[in-house]
Amino acid sequence: MAKMFNEADEIVLLNQDTEDKAREIIGDRGNHFLKRIEGETAANISACYQCFRCTNACPVSRYMDIKPHQVIRYVQLGWREALLQSSTIWVCLSCEMCTTYCPNEVQVAETINHLRNMAAHSSIAPREKQLALFHQTFLEALQHFGRVNEFWLMGTLNLKPGILKEKIRTGALTEEMALGLLLLRKGKLKLIPQRCKAMGEIRKLYRQERGEMD
Ligand code: SF4
Ligand code: SF4
């Protein structure tokens, strides 16, 4: 019998009737989304039997509105909108603990990463705007330099809409500057970004991702 968290974060059991009803309402769309994600990620999502190990292993599951095992269940049911509107896809650290602990090799982290990219390319407004902007800036850094330069990353992020204002309001900017100065003094912060040697390969990957095949 499948288990899920309810809104109060309590475990509830889904009986077969409830599952059948959900599948009846969703019809082919659920199956289509499941097949699509499995095809694009090679993740064995159908094999998940809701054992919760991924959620128990996740260091940040308490901050997620849809827990890792629920993400997999939602994909099985085809609940695309709920997934792309979730905070989970932005809160996930890509640490891969969930994937490591899954007894069925479901590739939970890869699935969440894929959903995050789908959301970034969709018209759906991200639930976690600041984290979405950080994600976007991180990808821009990789596209420009093939690696991440922390000084460039934070400077560019701070120029994105609303970021600087929010950091000033919360005091995060002062903390960030103090940390930056400390790292600079210790020689751990490079002010000028260096390009990695494999830039050609990286740009090719970006072009392929955009559908501009060579
Ligand atoms: S650990 Fe694997 S099988 Fe268990 S709920 Fe998570 S994804 Fe499903
Ligand atoms: S990859 Fe994401 S979902 Fe998986 S354990 Fe890490 S933070 Fe949690």
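Order of appearance sets the numbers: ligands from 1, and atoms from 1 within every ligand. The analysis underlying the following values was restricted to heavy atoms, covering all of them including side chains, and did not include hydrogens, waters or symmetry mates.
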Inset, instruction - Check whether any N, O or S atom of Cys54 sits under 2.8 Å from atom 6 (Fe) of ligand 1. - result: yes

Inset, instruction - Compare all side-chain heavy atoms of Leu83 with those of Ile89 and state whether any distance is below 4.5 angstrom. - result: no

Legend entry - Within reach of ligand 2, part of Glu96 (heavy-atom separation under 4.0 Å): backbone

Inset, instruction - Indicate, with yes or no, if Val106 and Trp79 share a hydrophobic cluster defined by side-chain heavy-atom contacts under 4.5 Å among Ile, Leu, Val, Met, Phe, Trp and Tyr. - result: yes

Inset, instruction - Identify whether the distance between the nearest side-chain nitrogen and carboxylate oxygen of Arg169 and Glu166 falls below 4.0 Å. - result: yes

Inset, instruction - Indicate, as side chain, backbone, both or neither, the part of Phe52 found under 4.0 angstrom from ligand 1 when only non-hydrogen atoms are considered. - result: backbone

Inset, instruction - Establish, from distance only, whether the side-chain atoms of Asn31 and Gln76 form a donor-acceptor pair under 3.5 Å. - result: no

Inset, instruction - Say whether, by atom type as modelled, one donor and one acceptor occur between the side chain of Lys67 and the main chain of Thr55 under 3.5 angstrom. - result: no

Inset, instruction - Report the nearest protein non-hydrogen atom to atom 6 (Fe) of ligand 2: residue, atom name, distance rounded to 0.1 Å. - result: Cys95 SG, 2.3 Å

Legend entry - Per-atom contacts of ligand 1 with Val106, taking only distances under 4.0 Å to non-hydrogen atoms: 2 (Fe), 7 (S)

Inset, instruction - Tell me which protein heavy atom sits closest to atom 4 (Fe) of ligand 1, plus the residue, atom name and distance to 0.1 Å. - result: Cys51 SG, 2.3 Å

Inset, instruction - Any atoms of ligand 2 less than 4.0 Å from a non-hydrogen atom of Cys58? List them with their elements. - result: 3 (S), 5 (S), 7 (S), 8 (Fe)

Inset, instruction - Could you tell me which atoms of ligand 1, counted from 1 in the order shown, lie closer than 4.0 angstrom to a heavy atom of His69? - result: 5 (S)

Legend entry - Sub-4.0 Å atoms of ligand 2 with respect to non-hydrogen atoms of Ala109: 1 (S)

Inset, instruction - Could you go through the side-chain hydrogen bond (donor to acceptor under 3.5 Å, both in side chains) check for Arg116 and Ser94 one step at a time? - result: CA-CA 11 Å; Arg116 180 165 52 233; Ser94 300; 3.0 Å; yes

Legend entry - Minimum heavy-atom distance between Gln143 and Tyr206, given as atom pair plus value: N-OH, 3.5 Å

Inset, instruction - Give a yes/no answer: is there an N/O/S atom of Cys92 under 2.8 Å from atom 6 (Fe) of ligand 2? - result: no

Legend entry - Ligand-residue contact atoms, ligand 1 with Cys102, heavy atoms, under 4.0 Å: 1 (S), 2 (Fe), 3 (S), 7 (S)

Legend entry - ligand 2 contacted by Ser94 (non-hydrogen, < 4.0 Å): yes

Inset, instruction - Go through ligand 1 atom by atom and flag the ones less than 4.0 Å from a non-hydrogen atom of Tyr49. - result: 3 (S)

Inset, instruction - Can you sort out which atoms of ligand 1 are near Val108, meaning under 4.0 Å from one of its heavy atoms? - result: 7 (S)

Inset, instruction - For Cys48, counting its heavy atoms only, list the atoms of ligand 1 lying under 4.0 Å from any of them. - result: 3 (S), 5 (S), 7 (S), 8 (Fe)

Inset, instruction - Using the six-membered ring wherever Trp is involved, compare the ring planes of His69 and Phe52 and label them parallel, tilted or perpendicular (cut-offs 30° and 60°). - result: parallel

Legend entry - atom 7 (S) of ligand 2 [closest protein heavy-atom partner, distance rounded to 0.1 Å]: Leu93 N, 3.3 Å

Inset, instruction - Tell me yes or no: between the side chains of Thr99 and Glu110, is some donor less than 3.5 Å from an acceptor? - result: yes

Legend entry - Minimal non-hydrogen separation, Lys160 against Gln136, with atom names: NZ-NE2, 3.8 Å

Inset, instruction - For the residue pair Ile163 and Gln130, establish whether any side-chain heavy-atom pair is separated by less than 4.5 Å. - result: yes

Inset, instruction - Considering the heavy atoms of Met97, write down every atom of ligand 2 situated less than 4.0 Å from one of them. - result: 5 (S)

Legend entry - Numbered atoms of ligand 1 (with element) below 4.0 Å of Asn104, judged on heavy atoms: 3 (S)

Inset, instruction - Would you mind listing which atoms of ligand 2 come within a distance below 4.0 Å of any non-hydrogen atom of Val60? - result: 7 (S)

Legend entry - Atom of Arg203, atom of His144 and distance for their closest heavy-atom approach: NH2-O, 3.9 Å

Legend entry - Per-atom contacts, ligand 1 versus Pro103 - under 4.0 Å to a heavy atom: 1 (S)

Inset, instruction - Examine the side chains of Ser87 and Asp65 and answer whether a donor and an acceptor come within less than 3.5 Å of each other. - result: yes

Inset, instruction - Specify the protein heavy atom at minimum distance from atom 3 (S) of ligand 2: its residue, its atom name, and the distance to 0.1 Å. - result: Ile112 CD1, 3.6 Å

Legend entry - Where ligand 2 meets Cys98 - atom numbers and elements under 4.0 angstrom, heavy-atom basis: 1 (S), 3 (S), 4 (Fe), 5 (S)

